[in-house]
Amino acid sequence: MNQFNYLHPASTDQAVSSASSDGSKFIAGGTTLVDLMKLYVENPSTLVDVNDLPLAQVESLPNGGLRVGAMVRNSDLAFHPTVKEKYAVLSEALLSGASPQLRNMATTGGNLLQRTRCPYFRDVTAGPCNKRNPGTGCSAIDGFNRTMAILGTSDHCIATHPSDMDVAMTALEALIFIEGPKGKRSVPINDFYKLPGDTPHIENVLEPGELITHVEIPPAISTKQHYLKLRDRASYEFALASAAVVARVEGGHIHSVRIAMGGVGTRPWRAHEAEAVLTGKPATPAHFQAAAEAALRGAKPHTENAFKVELAKRCVIRALKVATA
Amino acid sequence: MAERPTLRDDQQLLDLEPLSPSDNSVTDDASSIPSNLGRVSRRTFLSGLGATGLMVSAGTFALAEEESGTPPAQENPSISRSTTINGKSYDLTGLDPRVTLLDLLRERIYFTGTKKGCDHGQCGACTVHVNGRRVNSCLTLAIMTAGKEVTTIEGLGQPGNLHPMQAAFVEHDGYQCGYCTSGQIMSAVALLKEPIGTTDEDIKQAMAGNICRCGAYPNILAAVKQVRGNASA
């Protein structure tokens, strides 16, 4: 990996001011960043270590929600009693991702910024990549694209967003809190990620020097929740398709529902169309099927990943079935 | 002043060149030995040679920093710059921040029980404990373990005084080639304290971060089950 300057600030203010220069990156768990630095995909001139910032608390909020510090490790969040009781979809999503070792390292803030597993992005010798080198082209569109996205793609990038946690956070409508050189702000997770468009290297709304400090998860609409992840092997693998469902069922009817998909989108994919189809309808297989059709209506498969359209539909259907049972 | 890294009796401290930017490949033991030493294995070399004719340095960790020419890092003076590995303190002052915990262990202080498999967090061979929790040492920058306690397979047990999990792996033949074994054992010991379920499937999922190419999984499972059973009995 290339040389970098290592800073270890003691406060969030210091961290933000340290990281506002060009080429600076925050480092938390390092599970994505160190990996990509070894591959020369990430070449920061300065690493700002945020591990000792006081951002590792999980706290219940007066409104019944949960505040999760950016430095809370994935394993701690997954096994937190409140998360298991009220946000099972989040616990399931976290435990389906990576490995126990990586979950001990990976953080809440870091996972929100997880980078794609697109092989062309990860391999600097593999040819052009607009996300890695803007303007050079996309090798995946006519190349190996079995694992690539079918929703939210553009002519410039079809890289899949790899996270499980972020899919559950999307279904739970989390609010992301940010601190930066210009002050503090919060962004709903559904407004946090950008579609690739013609600038796939810009993946979210963070400005230079901005640090995710914590996430607030509002009270869930129901404890009927499920995260289903489908992949090439049963563990330690990224999703080909996944679905996070939170469903409030009253008298056999869907009162309200939140559905998000992973493994198929260029960002964590909120399926508003599917939710609209289901709202007020009986919780039956026929309506689940209609919802899944709506969720994938805009899908644009490429040469090797057309199977994902059907897989994602079945994933949504089964997740709805389990969540509403 | 900083304390020198502590070595075992059979170890010598070498100045190793930092990896060049063009060399990000996995290195084997022989290739990381300085070229003037030829292709002897490290263990032969370490046990068979004294310090004569070799450069044995006190300030090893400072070497890369001097060469790098990077500006001094802004530091929080309250933050420790030493790490504890298997109960002994090692000074990290001057350590090139690119050095991973795995490479510090293997290449700088010669705890070679921890193995380098994929070097990208995909195989688990490099699993060690940091503050009692299992992590991938290949994705952990050594500098980021300052103030923490690292335990490797060498710190778990020794011949004649094995950790119960090490003994169970021997008893159940939980390996074939042995390359993944230290990582498997470090994971297995860590999971004893983790809130996982009691079924075989729970254990398999909890061990999923450690790949065994030889396919010793059933025997590994048997070893873990035995120790968990004894622990809860």
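Protein chains get the first letters and strands the later ones, always in sequence-line order, with residue 1 at the start of each.
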Could you give the distance from [atom1] ([X]) to [atom2] ([Y]), rounded to the nearest 0.5 Å?
| X | Y | atom1 | atom2 | answer |
| --- | --- | --- | --- | --- |
| M207(B) | S235(A) | CE | OG | 11.5 Å |
| D119(B) | L39(A) | CG | CG | 9.5 Å |
| H120(B) | T31(A) | NE2 | OG1 | 13.5 Å |
| N104(A) | N131(B) | CG | CG | 11.0 Å |
| S75(A) | R133(B) | OG | CZ | 4.0 Å |
| D49(A) | M144(B) | CG | CE | 4.0 Å |

Contacting moiety of [X], where chain A heavy atoms sit under 4.5 Å:
| X | answer |
| --- | --- |
| C123(B) | backbone |
| L191(B) | neither |
| T100(B) | side chain |
| Q122(B) | both |

Flag the pair Q101(A) / N210(B) as yes when at least one side-chain heavy-atom distance between them is below 4.5 Å, and no otherwise.
yes
Part of L47(A) lying under 4.5 Å from any heavy atom of chain B:
side chain
Report which part of R233(A) has an atom under 4.5 Å of a heavy atom belonging to chain B: side chain, backbone, both, or neither.
neither
Indicate the atoms forming the closest heavy-atom contact of [X] with [Y], along with that distance.
| X | Y | result |
| --- | --- | --- |
| Y236(A) | A208(B) | CD1-O, 2.9 Å |
| N136(B) | S99(A) | OD1-OG, 4.4 Å |
| L139(B) | V34(A) | O-CG2, 3.7 Å |

Chain B interface, residue from S11(A), A234(A), A98(A), P100(A) that has the most non-hydrogen pairs under 4.5 Å
P100(A)
Neighbour count above 12 (heavy atom, 6.0 Å) for E149(B) CD
no
For atom CZ of R318(A), decide whether the heavy atoms of other residues, nucleotides or ligands shown that lie under 6.0 angstrom number more than 12.
no
Please lay out, stage by stage, how I143(B) and H8(A) fare under the test side chain to side chain contact (heavy atoms under 4.5 Å, CB included).
CA-CA 10 Å; I143(B) 193 81; H8(A) 198 165; over 6 Å; no
